K.L.:
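First, the structure itself, so that you have it in front of you.
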There are 4 protein chains.
Amino acid sequence: MPKIVNHDRYRKELLTKCFDLFAQRGYGSLTMRQVAQEIGVSTGTLYHYFASKEELFRQLIAEITEQDILRATDEIEAQSLKTIKERILALGQFIAENEDYFYKQTLLFINFFQQPDLEEQQLVEAVKRSYKRYQEEIMKFLSIDNKAIVNHVSCLIDGLISQRAFDPESVSIKEQMELLAQMLSVYLQE
Amino acid sequence: MPKIVNHDRYRKELLTKCFDLFAQRGYGSLTMRQVAQEIGVSTGTLYHYFASKEELFRQLIAEITEQDILRATDEIEAQSLKTIKERILALGQFIAENEDYFYKQTLLFINFFQQPDLEEQQLVEAVKRSYKRYQEEIMKFLSIDNKAIVNHVSCLIDGLISQRAFDPESVSIKEQMELLAQMLSVYLQE
Amino acid sequence: MPKIVNHDRYRKELLTKCFDLFAQRGYGSLTMRQVAQEIGVSTGTLYHYFASKEELFRQLIAEITEQDILRATDEIEAQSLKTIKERILALGQFIAENEDYFYKQTLLFINFFQQPDLEEQQLVEAVKRSYKRYQEEIMKFLSIDNKAIVNHVSCLIDGLISQRAFDPESVSIKEQMELLAQMLSVYLQE
Amino acid sequence: MPKIVNHDRYRKELLTKCFDLFAQRGYGSLTMRQVAQEIGVSTGTLYHYFASKEELFRQLIAEITEQDILRATDEIEAQSLKTIKERILALGQFIAENEDYFYKQTLLFINFFQQPDLEEQQLVEAVKRSYKRYQEEIMKFLSIDNKAIVNHVSCLIDGLISQRAFDPESVSIKEQMELLAQMLSVYLQE
DNA sequence: GATGAATGAGGTTTCATTCAT
DNA sequence: AATGAATGAAACCTCATTCAT
């Protein structure tokens, strides 16, 4: 028997290591050699686990699509947050803590939609579903069943993240989430 | 004024034709031959007007950075809109009408920040300034001088655009802008 | 206008230059870089004219299939050769003069049949037709309409060429063709 | 006799399994992984028995060179064949029965001469000797001591095999051998 | 100015070979 | 002895760029 390796486990480990790379440099601008070097394996190994650059990216997207915010709720839900204000602020803090991850995820998804060949309907659907799950999570967490408001919140978060991507000093997550909390509590009491 | 005028005019024409291409396919995934073919010139011609692929992209970013919302205000300001509600809705309609442009602009800027070699401070600054101008424009247009609220609005718009990029059916611009108008008018009257 | 080149003419010129190379070294053992270097162009140029290594080989086979012995008859027919003996000897001389070409052609065809992916029925058929034409040419030239005898002659020639390929000193073309002439004239008078 | 015997026995077994593979696909177009897979061992095992791909091929050639027609004579000689005609026809039948083997042997030898690096004089000599032995065998079997005629026969056989390789329907072994028998008996009685 | 053939560095991918198990 | 994961040199191929026309 050769070097014993949990093939699938290692494959996912490699994907994890690719995450930052693809997010920050973009699919088209990355070479397989660079990827291999940066994650510390040989190109041969990379190809042992992924049939092609395209396939590597595809699997990366699939992986992210499966993970995402699931983690979010688990972590916060434990606490008992009664008012919307409290919950919005808690959400805000969570976003702030994971800003980097959210930002990279966004970049990857955008990159994915830019790659015309990759538009396998299956993956596209998975990404869309992932987006929906994300909103449902927000809905559940905030205990709001007004879909428009949930959309408002999720758009705001998206916008915050992408605007901060260009210039982190242009907006403050905390400030915006406080404003949102304020606006929402006023609006909902109406 | 000899040929120089025509030269510059044509250069900008070429840039305009490149806009969609770079936005939709991404800098790294585009080849100069593809660019040339799609905008209907030879590679030679492309190189006659732009010293390199990088330079072409740089000029494209610069061009967009200079244009953008300037157009926006001109078009709407003409009308006389008294209440915030009216102004928000007008803004919303303008966004909706130009959604495609905003989306592509976002893609290009993200792409720009993904290109490590291009981080010329000068251009980065120009892009940041462009973002600021964009917020000032919103501020002026809505006649609001609370910076947090202006940020709220601009983040929301950004988020709307990027969320709709993934799935246009997930959120409605009109609905969101109406909700925003409602929330703002309530909040401000407080 | 760019460097003016008769694209198709140059393509055939390149093929001609490849002929020896592929025959002597074999498809699988040749690299595109080697090919490019040996025929004096860049790899880029090679790919400008042939989409892939496979395609280059395919075209080479097609080219050879089209040419072949057509040349043979033209050259000899001019002479007036009355007896079979004379004609056989003339044929022998022609073979001897073009031994190198016949040998390389054989090698290429063998190589072609060794490449499993290339078995495009179309080309295979073309190669077979080329073989038939070759026999018809012999038939016509020798003025013999006994198919078995024509086959005898063409097999002998084939065998001569391949046996001499391994060791040119093992058999003499002239000697064999004289023997054949002798045998045939005796046999036919019977 | 310890393991060495088994080792050598297994080595030859592996070579036998490689025979078809190398003949049909060619040295250059085969990868060690393919070889390993097709003969049902791991690449590691292959390397345990053969130091390199080249060495494997070398041994294959050596093996074939040693075997070949030895078998032929043994099988036929037993019979008592009086006339040349009978002997030619018996030879023809033997060829027909082993056509596949002869064909593959030819392919391998051609392949061998196409590999420039392998031109170890030693092996080349062995191959040439093998060819000579082949002719001597024919000579002995047919009881003919006219070298030209023996060459005629062996060329004819070679040609038959290679011509049939391209298109088995183009010539019939039996027909040709009968014609040969006829021609020879007439010619020799002269 | 415009063209596209030519270039060769560099990208993606394959493959002989090694080596831990 | 046997396995197959890992390696990296080298294969095939692409692409920004140049340059003759």
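Hydrogens, waters and symmetry mates play no part in the numbers below; they use all other heavy atoms, side chains included. Quick note on labels: first sequence line is chain A, next is B, and so on, each numbered from 1. Predicted model, so just to flag it, every value in this text is computed and none were measured.
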K.L.:
How close do B:Lys104 and B:Phe19 get, heavy atom to heavy atom, and via which atoms?
P.N.:
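Heavy atoms of B:Lys104 and B:Phe19 come nearest at CB-CZ, 3.6 Å.
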K.L.:
Given B:Glu125, which partner from the list B:Lys128, B:Gln122, B:Arg129, B:Gln121 fulfils the side chain to side chain donor-acceptor pair (under 3.5 Å) test?
P.N.:
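Output: one option passes, namely B:Gln121.
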K.L.:
Of all heavy-atom pairs between A:Val35 and A:Leu46, which one has the smallest distance, and what is that distance?
P.N.:
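Minimum heavy-atom separation between A:Val35 and A:Leu46: CG1-CD2, 3.8 Å.
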K.L.:
For a quick test of reading the model, state the closest non-hydrogen atom pair linking D:Thr65 to D:Ser130 and the distance between them.
P.N.:
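Taking every non-hydrogen atom into account, CG2-CB, 3.5 Å.
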K.L.:
With a 4.0 Å cut-off on heavy atoms, is A:Thr31 in touch with a base, just the backbone sugar-phosphate, or nothing at all?
P.N.:
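Contact class for A:Thr31: sugar-phosphate only.
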K.L.:
Tell me every residue that passes salt bridge (Lys or Arg N to Asp or Glu O under 4.0 Å) with C:Glu54, counting only those two or more places apart in sequence or in another chain.
P.N.:
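C:Glu54 satisfies salt bridge (Lys or Arg N to Asp or Glu O under 4.0 Å) with C:Arg58 once adjacent residues are dropped.
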K.L.:
Taking all atoms of both residues into account, what is the closest heavy-atom pair of B:Leu107 and A:Ile110, and its distance?
P.N.:
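Between these two residues, the closest heavy atoms are CD2-CG2, 3.2 Å.
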K.L.:
Will you find, in the side chains of A:Glu55 and A:Gln59, an N or O donor that is under 3.5 Å from an N or O acceptor?
P.N.:
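Yes, a side-chain donor-acceptor pair sits under 3.5 Å.
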K.L.:
In whole Å, I'd like the distance from the NE2 atom of A:His7 to the C1' atom of F:dA6.
P.N.:
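After rounding, the gap between these two atoms is 13 Å.
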K.L.:
Check this one for me: any side-chain N or O of A:His48 less than 4.0 Å away from OP1 or OP2 of E:dT14?
P.N.:
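Result: no.
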K.L.:
In this structure, how many angstroms lie between the C1' atom of F:dA16 and the CG atom of B:Leu56, rounded?
P.N.:
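Interatomic distance, CG of B:Leu56 to C1' of F:dA16: 12 Å.
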K.L.:
Could you tell me how far apart D:Tyr47 (OH) and F:dA5 (C1') are, to the nearest whole angstrom?
P.N.:
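From D:Tyr47 OH to F:dA5 C1': 15 Å.
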K.L.:
Using a 3.5 Å limit on both distances, find every run of at least three consecutive Watson-Crick or G-U pairs that involves DNA chain E.
P.N.:
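So far as stems of 3 or more pairs are concerned, DNA chain E shows E:2-21 with F:2-21.
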K.L.:
Is any side-chain N or O of D:Ser52 closer than 4.0 Å to OP1 or OP2 of E:dA16?
P.N.:
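For D:Ser52, the contact criterion (side-chain N or O under 4.0 Å from OP1 or OP2 of E:dA16) is not met.
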K.L.:
Mind calculating the distance between CZ (C:Phe50) and P (E:dA5) to the nearest angstrom?
P.N.:
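These atoms are roughly 14 Å apart.
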K.L.:
Using every non-hydrogen atom in the two residues, find where A:Gly28 and A:Asn111 come nearest and quote the distance to one decimal.
P.N.:
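Heavy atoms of A:Gly28 and A:Asn111 come nearest at N-OD1, 4.4 Å.
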K.L.:
Nearest whole angstrom, please: distance from the P of E:dA6 to the CG of C:Leu46.
P.N.:
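Roughly 11 Å, once rounded to whole Å.
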K.L.:
With A:Lys53, which residues qualify under side-chain contact (heavy atoms from CB on, under 4.5 Å), at least two apart?
P.N.:
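A:Lys53: side-chain contact (heavy atoms from CB on, under 4.5 Å) contacts with A:Tyr27, A:Met32.
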K.L.:
If I take atom CE in residue D:Met32 and atom P in nucleotide F:dT7, what distance separates them, rounded to the nearest angstrom?
P.N.:
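In whole Å, F:dT7 P lies 21 Å from D:Met32 CE.
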K.L.:
Hey, which of these two, C:Thr45 or C:Arg33, hits DNA chain E nearer its 5' end, going by closest nucleotide?
P.N.:
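Of the two residues, C:Thr45 wins.
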K.L.:
Going by side-chain contact (heavy atoms from CB on, under 4.5 Å), name the residues that satisfy it together with A:Gln37, two or more places apart in sequence or in a different chain.
P.N.:
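For A:Gln37 there are no side-chain contact (heavy atoms from CB on, under 4.5 Å) partners, ignoring immediate neighbours.
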K.L.:
At a heavy-atom distance below 4.0 Å, what parts of residues 11-19 of chain A sit against DNA chain E?
P.N.:
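DNA chain E contact set from residues 11-19 of chain A: none.
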K.L.:
Residues from residues 36-43 of chain C sitting under 4.0 Å of DNA chain E, heavy atoms only?
P.N.:
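Residues of residues 36-43 of chain C under 4.0 Å from DNA chain E: C:Ser42, C:Thr43.
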K.L.:
Just the rounded figure in Å: distance from P of F:dA11 to CG of C:Leu30.
P.N.:
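Interatomic distance, CG of C:Leu30 to P of F:dA11: 11 Å.
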K.L.:
OP1, OP2 of E:dA6 versus side-chain N and O of C:Tyr49: anything below 4.0 Å?
P.N.:
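Yes, C:Tyr49 has a side-chain N/O under 4.0 Å of OP1/OP2 on E:dA6.
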K.L.:
Please state how far atom NZ in A:Lys53 lies from atom P in E:dT12, giving the value in whole angstrom units.
P.N.:
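The distance from NZ of A:Lys53 to P of E:dT12 comes to 5 Å, rounded to the nearest Å.
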K.L.:
Using heavy atoms to find the nearest nucleotide of DNA chain E for A:Tyr27 and D:Gln34 separately, return the residue whose nucleotide is more 5′.
P.N.:
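That would be A:Tyr27.
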K.L.:
Considering all heavy atoms of both residues, which atom of C:Ile61 and which atom of C:Leu108 are nearest to each other, and what is their separation?
P.N.:
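That would be CD1-O, 3.7 Å.
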K.L.:
For a side chain to side chain contact (heavy atoms under 4.5 Å, CB included) check, start with the C-alpha distance between A:Leu56 and A:Phe22, then their side-chain angles and the critical distance, and finish with the verdict.
P.N.:
CA-CA 10 Å; A:Leu56 166 56; A:Phe22 275 88; 4.0 Å; yes
